[in-house]
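Fair warning: this is a prediction, and the values are worked out from it, not measured in the lab. The chain is numbered in sequence order, starting from 1.
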Amino acid sequence: MYGEDGEAVEENFSRRLKTAVAGDPGASLVFLGNFEVEEEWARGETGLPRLSSAGNSAVVNRMEEFALLLGGADDHVVLKTRPDEDYLDHLRRLGLALPTVHVVAGQRPDHMVTRDALADDALIAALGELADRGALLAPHGVSALEEELAARSRLPLAAPPAPLCKAVNSKVYSRRAADAAGLRQPRGWACETLDALDAAMAHAAELCEQGVTLMVKEAFGVSGKGIAVVDSRRRLDRLHTMITRAARAAGSDRAAFVIEERVAKDRDLNYQITVGRDGAVRLDFVKEALTEGGVHKGHRFPPDLTTRQLDDIRHAARLLGKQLASDGFFGVAGIDAIVDTDGGVFPVIEINARNNMSTYQVRLQERVLAPGQSALARHYPLRLRRELPFAAVRRLLDGLLLRSPGEEGLVVNNFATVNAGAGSGPYQGRLYGLLVGAPERLPALDEAVSEQLATLTEEPADAR
């Protein structure tokens, strides 16, 4: 895999993670992929208008299958349905040891996996047996729901308590932590009350009058949601009024937002630190994040960064990790950063107190990437008419799927999202994968995979 400096390194992320969260590299963890835990953290918070569809929610909730890739043979994972056996064979052929799978009794497409697990008494009893054997619960992120599951199953949490995780995940915390560390940030303000919002909006209005474009961000927005781009004083005033009315209608004085200048951006970066219970801080990796309209689309790694840019990231990781440890946080924290058009680094746009998409790629990286190779993590949108088995995908992508470590090809790292919306009529799905090969070969490989998958839109039965 590739470390913080972009060089190939021999590591075992699983053992380092277990050491950090459990104090034991041989601990047995029960992984839970409760993606978009921010929705729970955001409950009761004043926010911006947002739209979502039931179909999209179903796909996002099936991202929980990513957790399958975090655990080894001594670990466990809770999933909404049993994985496609041919998909598991795809992973095993690459030499990947997989955890024991526990499936909820009756999954609801509109529920994240934690809610499904809480409704399954038999599963909770089975998790209790794992607790008796010393296992710990390792969620994607911790909200009150995961604390309830831990309490009912008697599985100790391999993570800080929910209130601390929520506080750290707030964009307000990120901005204040960066201020305290003296790290470079866009001009801006953080607020948590209506009075503080009024003051921040007054400062922001001055920038608007100067023609500066601003970003108004909910403290707990995720995946491009809860962010408004403001390019006029009129637009800013409307948002100010809307937020104030929403808070007062809820009988609350709380308004957790960050308002900051929009930076001329060249690239998005994502890096991950692991903070141990003992306060030790490790920079796990740096990747280039691929985004579109603020929505995550994938990663490219190793990133093409200068020595100075990497040094800026290392410096920020060390200071932010120290701050997190002093506040009682431990475990994985993902940090978003950007490189501006002048090549300068803004090393902390936000801190995520949870796993990140790139967290779920690490064990695959360790297993399949050879020295000199690069990887492109991305997803492919699909429009299907009927449920698609992995065997059909394997036939369709014959010659394009990775056959063994060190070769070139695609590794599928989540298949549940393909059929999450299956039911009556056409539906949208996503195939997540990791393209591996020589850097100059990845664009052609990506195009070839895209072209083959596009044929599924015409008639999925052709691939059966």
S.K.: Taking Arg152 for its side chain and Leu118 for its backbone only, find out whether a donor-acceptor pair lies under 3.5 Å.
M.R.: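 A pair under 3.5 Å: yes.
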S.K.: Output all residues satisfying side-chain hydrogen bond (donor to acceptor under 3.5 Å, both in side chains) with Glu64, sequence neighbours left out; order by chain, then residue number.
M.R.: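 Glu64 satisfies side-chain hydrogen bond (donor to acceptor under 3.5 Å, both in side chains) with Arg62 only.
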S.K.: Are the side chain of Arg277 and the backbone N or O of Val21 linked by a donor-acceptor pair below 3.5 Å?
M.R.: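 Present.
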S.K.: How many angstroms lie between atom OG of Ser174 and atom CG of Asp336, to the nearest 0.5 angstrom?
M.R.: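 Interatomic distance, Ser174 OG to Asp336 CG, rounded to 0.5 Å: 9.0 Å.
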S.K.: Nearest heavy-atom pair of Gly279 and Ala325: which atoms, and what distance?
M.R.: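 Between these two residues, the closest heavy atoms are CA-CB, 3.9 Å.
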S.K.: Sub-3.5 Å donor-acceptor pair from the side chain of Arg386 to the main-chain atoms of Ala422, do we have one?
M.R.: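 Flag not set: sc Arg386 to bb Ala422 has no pair under 3.5 Å.
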S.K.: Could I get the full list of ring pair (Phe, Tyr, Trp, His ring centres under 6.0 Å) partners for Tyr173, not counting sequence neighbours?
M.R.: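 Here no residue qualifies.
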S.K.: Does either side chain, that of Gln361 or that of Asn413, offer a donor lying less than 3.5 Å from an acceptor on the other one?
M.R.: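 Gln361 vs Asn413: no donor-acceptor pair found between side chains.
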S.K.: Has Arg248 got more than 12 heavy atoms of other residues, nucleotides or ligands less than 6.0 Å from its CZ?
M.R.: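 No, not enclosed.
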S.K.: Evaluate the criterion side-chain contact (heavy atoms from CB on, under 4.5 Å) for residue pair Leu453 and Leu382; output intermediate values, then yes/no.
M.R.: CA-CA 7 Å; Leu453 292 175; Leu382 304 172; 4.0 Å; yes
S.K.: When you check the side-chain N and O atoms of Glu65 and Thr417, is any donor under 3.5 Å from an acceptor?
M.R.: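 No, because no side-chain N or O of Glu65 sits under 3.5 Å from a partner of the opposite role on Thr417.
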S.K.: Scan side-chain atoms only and decide if Ser358 and Asn270 contain a donor-acceptor pair under the 3.5 Å cut-off.
M.R.: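 Their side chains do contain a donor-acceptor pair, which is all the 3.5 Å distance test asks for.
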S.K.: Excluding sequence neighbours, so at least two apart, what forms side-chain hydrogen bond (donor to acceptor under 3.5 Å, both in side chains) with Lys80?
M.R.: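 Checked Lys80 against side-chain hydrogen bond (donor to acceptor under 3.5 Å, both in side chains); matches are Gln107, Asp116.
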S.K.: Heavy atoms, side chains only, cut-off 4.5 Å: are Arg282 and Phe13 in contact?
M.R.: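 No - every pair of side-chain heavy atoms lies 4.5 Å or more apart.
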S.K.: Do Ile259 and Lys217 make a side-chain contact, defined as non-hydrogen atoms from C-beta onward lying under 4.5 Å apart?
M.R.: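 When only atoms from C-beta onward are counted, Lys217 and Ile259 do not touch, as no gap falls below 4.5 Å.
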S.K.: On a heavy-atom basis, which atom in Ile243 and which in Thr46 lie closest, and how many Å separate them?
M.R.: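 Where Ile243 meets Thr46 most closely, the heavy atoms are O-CG2, 3.6 Å.
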S.K.: Is it the case that the side chain of Glu147 and the backbone of Pro161 share a donor-acceptor pair, with hydrogens and angles ignored and the cut-off at 3.5 Å?
M.R.: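 No.
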S.K.: Is the distance from the ring center of Phe390 to that of His90 below 6.0 Å?
M.R.: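 Centroid distance Phe390-His90: below 6.0 Å, so yes.
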S.K.: With heavy-atom distances below 4.5 Å as the criterion, would you say the side chains of Leu434 and Leu376 are in contact?
M.R.: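 Leu434 does not reach Leu376 side chain to side chain.
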S.K.: Answer with yes or no whether the side chains of Thr274 and Asp284 bring together a donor and an acceptor at under 3.5 Å.
M.R.: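 Yes, a side-chain donor-acceptor pair sits under 3.5 Å.
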S.K.: Grab the two heavy atoms, one from Val281 and one from Ala317, that are nearest each other, plus how far apart they are.
M.R.: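 Minimum heavy-atom contact is CG1-O, 3.9 Å.
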S.K.: Under a 4.0 Å threshold between the charged nitrogen and the carboxylate oxygen, would Lys171 count as salt-bridged to Glu218?
M.R.: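 No.
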S.K.: Of all the heavy-atom pairs spanning Ala256 and Glu45, show the shortest one and how long it is.
M.R.: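 So the minimum-distance heavy-atom pair works out to CB-OE1, 4.1 Å.
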S.K.: Go through the steps to decide whether Arg403 and Glu408 satisfy the test salt bridge (charged side-chain N to carboxylate O under 4.0 Å, His left out), and finish with yes or no.
M.R.: CA-CA 8 Å; Arg403 293 178 298 180; Glu408 174 184 289; over 6 Å; no
S.K.: Go through the steps for Val37 and Phe220 under the test side-chain contact (heavy atoms from CB on, under 4.5 Å), then give the verdict.
M.R.: CA-CA 10 Å; Val37 63; Phe220 300 100; over 6 Å; no
S.K.: In Å and rounded to the nearest 0.5 Å, what is the NE2 to CG distance from His140 to Asn34?
M.R.: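 Nearest 0.5 Å value for the NE2-CG distance: 6.5 Å.
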S.K.: Quick one: are the ring centres of Tyr432 and Tyr360 less than 6.0 Å apart?
M.R.: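 Centroid distance Tyr432-Tyr360: not below 6.0 Å, so no.
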S.K.: Restricting to non-hydrogen atoms, name the atom on Ala67 and the atom on Gly33 that form the minimum distance, rounded to 0.1 Å.
M.R.: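 Ala67 and Gly33 have their closest heavy atoms at CB-N, 3.9 Å.
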S.K.: Distance from Leu442 atom CG to Arg378 atom CZ, nearest 0.5 Å?
M.R.: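 Rounded to the nearest 0.5 Å, the CG-CZ separation comes out at 12.0 Å.
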S.K.: My understanding is that only residues two or more places apart in sequence, or in another chain, count here; which of them pass ring pair (Phe, Tyr, Trp, His ring centres under 6.0 Å) with Phe330?
M.R.: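 Expected list: none.
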S.K.: Do Arg363 and Glu366 sit within salt-bridge range, that is, some charged N less than 4.0 Å from a carboxylate O?
M.R.: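 Salt bridge flag = no for Glu366 with Arg363.
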S.K.: To the nearest 0.5 angstrom, please state how far the CG atom of Leu410 sits from the CG atom of Leu435.
M.R.: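 The CG atom of Leu410 sits 5.0 Å away from the CG atom of Leu435.
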S.K.: To check you understand the geometry: which heavy-atom pair defines the closest contact between Leu183 and Pro347, and what is its length?
M.R.: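 Here Leu183 and Pro347 meet closest at CB-CG, 4.2 Å.
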S.K.: Going by heavy atoms in the side chains, are Leu68 and Tyr87 under 4.5 Å from each other?
M.R.: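 Yes. Closest side-chain heavy atoms under 4.5 Å.
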S.K.: Just do the side-chain contact (heavy atoms from CB on, under 4.5 Å) check on Leu402 and Val368 with the steps written out, would you?
M.R.: CA-CA 9 Å; Leu402 186 70; Val368 305; 3.7 Å; yes
S.K.: About how many Å separate CG of Leu384 and CD of Gln428, when rounded to the nearest 0.5 Å?
M.R.: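 Between Gln428 CD and Leu384 CG, I get 8.5 Å after rounding to 0.5 Å.
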S.K.: Can you tell me if Asn61 uses its side chain to pair, donor with acceptor, with the backbone of Ser57 under 3.5 Å?
M.R.: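 Flag set: sc Asn61 to bb Ser57 pair under 3.5 Å.
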S.K.: Could you give the distance from CG (Leu320) to OH (Tyr271), rounded to the nearest 0.5 Å?
M.R.: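 That separation rounds to 5.0 Å.
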S.K.: When you compare the side chain of Phe31 with that of Pro99, does any pair of heavy atoms fall below 4.5 Å?
M.R.: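 No, side chains not in contact.
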S.K.: If the threshold is 4.0 Å, N to carboxylate O, is there a salt bridge linking Asp86 and Arg394?
M.R.: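 Between Arg394 and Asp86 there is a salt bridge, with a charged N closer than 4.0 Å to a carboxylate O.
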S.K.: Does any N or O in the side chain of Asp327 come within less than 3.5 Å of the main-chain N or O of Phe329, such that one atom is a donor and the other an acceptor?
M.R.: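 Not confirmed, Asp327 side chain does not pair with Phe329 backbone.
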S.K.: Is the closest side-chain heavy-atom distance between Glu38 and Arg354 below 4.5 Å?
M.R.: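 Sidechains of Arg354 and Glu38: in contact.
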S.K.: For Arg108, which residues count as a side-chain hydrogen bond (donor to acceptor under 3.5 Å, both in side chains) partner, sequence neighbours excluded?
M.R.: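 Asp110.
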S.K.: For Asp74, does the CG atom have more than 12 heavy-atom neighbours from other residues, nucleotides or ligands under 6.0 Å away?
M.R.: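 At most 12 heavy atoms, drawn from other residues, nucleotides or ligands, come within 6.0 Å of this atom.
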S.K.: For Glu288, which residues count as a salt bridge (charged side-chain N to carboxylate O under 4.0 Å, His left out) partner, sequence neighbours excluded?
M.R.: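 Arg300.
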S.K.: Is any side-chain heavy atom of Ile338 closer than 4.5 Å to a side-chain heavy atom of Leu269?
M.R.: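 Heavy-atom side-chain distance check fails, nothing below 4.5 Å.
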S.K.: Does a side-chain N-to-carboxylate-O contact under 4.0 Å join Glu192 and Arg176?
M.R.: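 A salt bridge links Glu192 with Arg176.
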S.K.: When you measure from the side chain of Lys18 to the backbone N and O of Asp24, does any donor-acceptor pair fall under 3.5 Å?
M.R.: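 No: the side chain of Lys18 does not pair with the backbone of Asp24.
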S.K.: Are Phe415 and Leu431 packed together at the side-chain level, in the sense that at least one heavy-atom pair is separated by less than 4.5 angstrom?
M.R.: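 They are in side-chain contact.
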S.K.: Short question: side chain of Asn12, backbone of Arg15 - any donor-acceptor pair under 3.5 Å?
M.R.: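 The answer is yes, because a donor-acceptor pair under 3.5 Å joins these two groups.
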S.K.: Evaluate the side-chain contact (heavy atoms from CB on, under 4.5 Å) criterion for residues Thr193 and Arg254: first the C-alpha distance (whole Å), next the side-chain angles of each, then the deciding distance (0.1 Å), finally the verdict.
M.R.: CA-CA 5 Å; Thr193 66; Arg254 184 163 174 80; over 6 Å; no
S.K.: Just to verify, which of Leu164, Leu137, Asn169, Leu157 counts as forming a side-chain contact (heavy atoms from CB on, under 4.5 Å) with Val142?
M.R.: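 Looking at Leu164, Leu137, Asn169, Leu157, the match for Val142 under the side-chain contact (heavy atoms from CB on, under 4.5 Å) is Leu157.
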